[in-house]
Amino acid sequence: MAKAFISSRASINGTSFSMLGGDTVISGDITASADLHIDGSVNGDIACKALVQGEGSEINGAVRAESVRVAGLVRGSVSAREVVILKTARIEGDVSYDTLTIEQGARLEGRLSPNGGQMPPSIARLPASAPIEVVAEEADEELSAAAE
């Protein structure tokens with residue numbers, strides 16, 4: 001029988017992190033003030049300071065954190081200040097972010113929303129008749145209509 005590996009450790013700078021091993025399956029939401037490293041499967045929402053997802057892991061739920069590094073499968077939304085999507089990652093859901101890095105080969109099926117879906121300050125200061133803003137709104141409406 002395989003043993004689940006769940007540990008909590010202190011790092012050099014005094015912050016802690018928890019690790020869920022590859023053979024761990026959790027059904028339920030996870031809320032942590034620490035950093036999380038997940039190599040197993042989670043069926044529920046995750047809220048933490050920082051999340052690192054291993055290549056073979058799977059998350060079925062929403063992810064909220066200061067920073068997220070995705071290498072496995074996420075079926076749900078991802079919301080973080082800093083999002084890194086590695087080449088082995090597959091996300092089936094929307095991603096909201098302040099900074100975003102996507103490696104070549106990563107797969108994303110969803111919408112990208114800078115600044116957590118809020119209008120960036122630089123766009124908010126543009127005149128209401130700015131073509132970029134109008135085109136973006138029309139494209140979103142057309143995409144929403146097409147999805148329905």
Side-chain angles (χ1 to χ4, degrees), residues 1-124 132-133 135-148:
M1 176 181 216
K3 293 182 182 178
F5 178 70
I6 302 174
S7 70
S8 183
R9 301 179 186 168
S11 67
I12 296 172
N13 63 5
T15 61
S16 63
F17 72 92
S18 295
M19 178 177 230
L20 283 78
D23 58 350
T24 304
V25 177
I26 294 185
S27 294
D29 297 342
I30 298 174
T31 303
S33 58
D35 300 346
L36 292 177
H37 182 109
I38 297 177
D39 284 326
S41 296
V42 176
N43 296 310
D45 296 342
I46 299 172
C48 61
K49 184 176 178 186
L51 174 70
V52 175
Q53 181 193 32
E55 212 173 289
S57 70
E58 183 175 322
I59 297 171
N60 293 297
V63 175
R64 288 183 303 122
E66 288 291 315
S67 68
V68 174
R69 185 176 179 94
V70 180
L73 172 62
V74 176
R75 288 188 182 107
S77 63
V78 175
S79 180
R81 289 184 185 215
E82 179 185 3
V83 177
V84 177
I85 304 172
L86 301 176
K87 63 183 177 184
T88 57
R90 192 171 102 209
I91 298 177
E92 297 174 2
D94 297 341
V95 178
S96 58
Y97 59 90
D98 285 335
T99 62
L100 174 67
T101 303
I102 303 176
E103 287 187 349
Q104 185 175 350
R107 291 179 50 198
L108 172 64
E109 297 173 26
R111 289 185 171 184
L112 296 174
S113 301
N115 293 328
Q118 301 298 318
M119 188 178 300
S122 60
I123 293 176
I132 294 174
E133 189 172 338
V135 170
E137 288 176 4
E138 289 174 357
D140 283 345
E141 290 173 7
E142 289 173 11
L143 288 173
S144 295
E148 294 173 359

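Positions are given from 1, in the same order as the sequence printed here.
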Over all heavy atoms of both residues, which pair between [X] and [Y] is shortest? Give the atoms and the distance, please.
X	Y	result
Ala71	Leu86	CB-CD1, 3.8 Å
Ala89	Val70	CB-O, 3.4 Å
Val83	Val95	CG1-CG1, 4.1 Å

(message) Using a strict threshold of under 4.0 Å (side-chain N to carboxylate O), is an ion pair present between Glu66 and Lys49?
(response) no
(message) So that I can tick it off, tell me whether Glu58 and Arg75 are bridged by a salt bridge, with the cut-off set at under 4.0 angstrom between side-chain N and carboxylate O.
(response)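 Answer for the salt bridge query: yes.
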(request) Assess the side chains of Asp35 and His37: does a donor N or O sit below 3.5 Å from an acceptor N or O? (result)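 Result is no, nothing qualifies.
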How many angstroms lie between atom [atom1] of [X] and atom [atom2] of [Y], to the nearest 0.5 angstrom?
X	Y	atom1	atom2	result
Asp23	Ser41	CG	OG	10.0 Å
Ile102	Leu112	CD1	CG	5.5 Å
Ile91	Leu108	CD1	CG	5.5 Å
Ser67	Asp98	OG	CG	12.0 Å

(request) Might you confirm whether atom CD of Glu55 has over 12 heavy atoms from other residues, nucleotides or ligands at distances under 6.0 Å? (result)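 Check fails, neighbour count at 12 or below.
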(request) Carefully, step by step, assess Leu36 and Val52 under the rule side-chain contact (heavy atoms from CB on, under 4.5 Å). (result) CA-CA 6 Å; Leu36 292 177; Val52 175; over 6 Å; no
(request) Test side-chain contact (heavy atoms from CB on, under 4.5 Å) on Gln53 and Ile59 and set out the steps. (result) CA-CA 9 Å; Gln53 181 193 32; Ile59 297 171; 3.7 Å; yes
Say whether, by atom type as modelled, one donor and one acceptor occur between the side chain of [X] and the main chain of [Y] under 3.5 angstrom.
X	Y	value
Asp39	Ser57	no
Asp45	Ala62	yes
Glu109	Glu92	no

(message) Restricting to side-chain contact (heavy atoms from CB on, under 4.5 Å), what partner residues turn up for Gln104, sequence neighbours left out?
(response) none
(message) Within the 4.5 Å heavy-atom criterion, are Tyr97 and Ser113 side-chain neighbours or not?
(response)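 Of all side-chain heavy-atom pairs linking Ser113 with Tyr97, none is under 4.5 Å.
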(message) I want to check something: taking the side chain as every heavy atom from C-beta on, are Thr101 and Ile85 in contact at a cut-off of under 4.5 Å?
(response)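 In short, these two side chains do not touch, never coming nearer than 4.5 Å.
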(request) Check the pair Val78, Leu51 against side-chain contact (heavy atoms from CB on, under 4.5 Å), reporting the backbone distance first and the verdict last. (result) CA-CA 11 Å; Val78 175; Leu51 174 70; over 6 Å; no
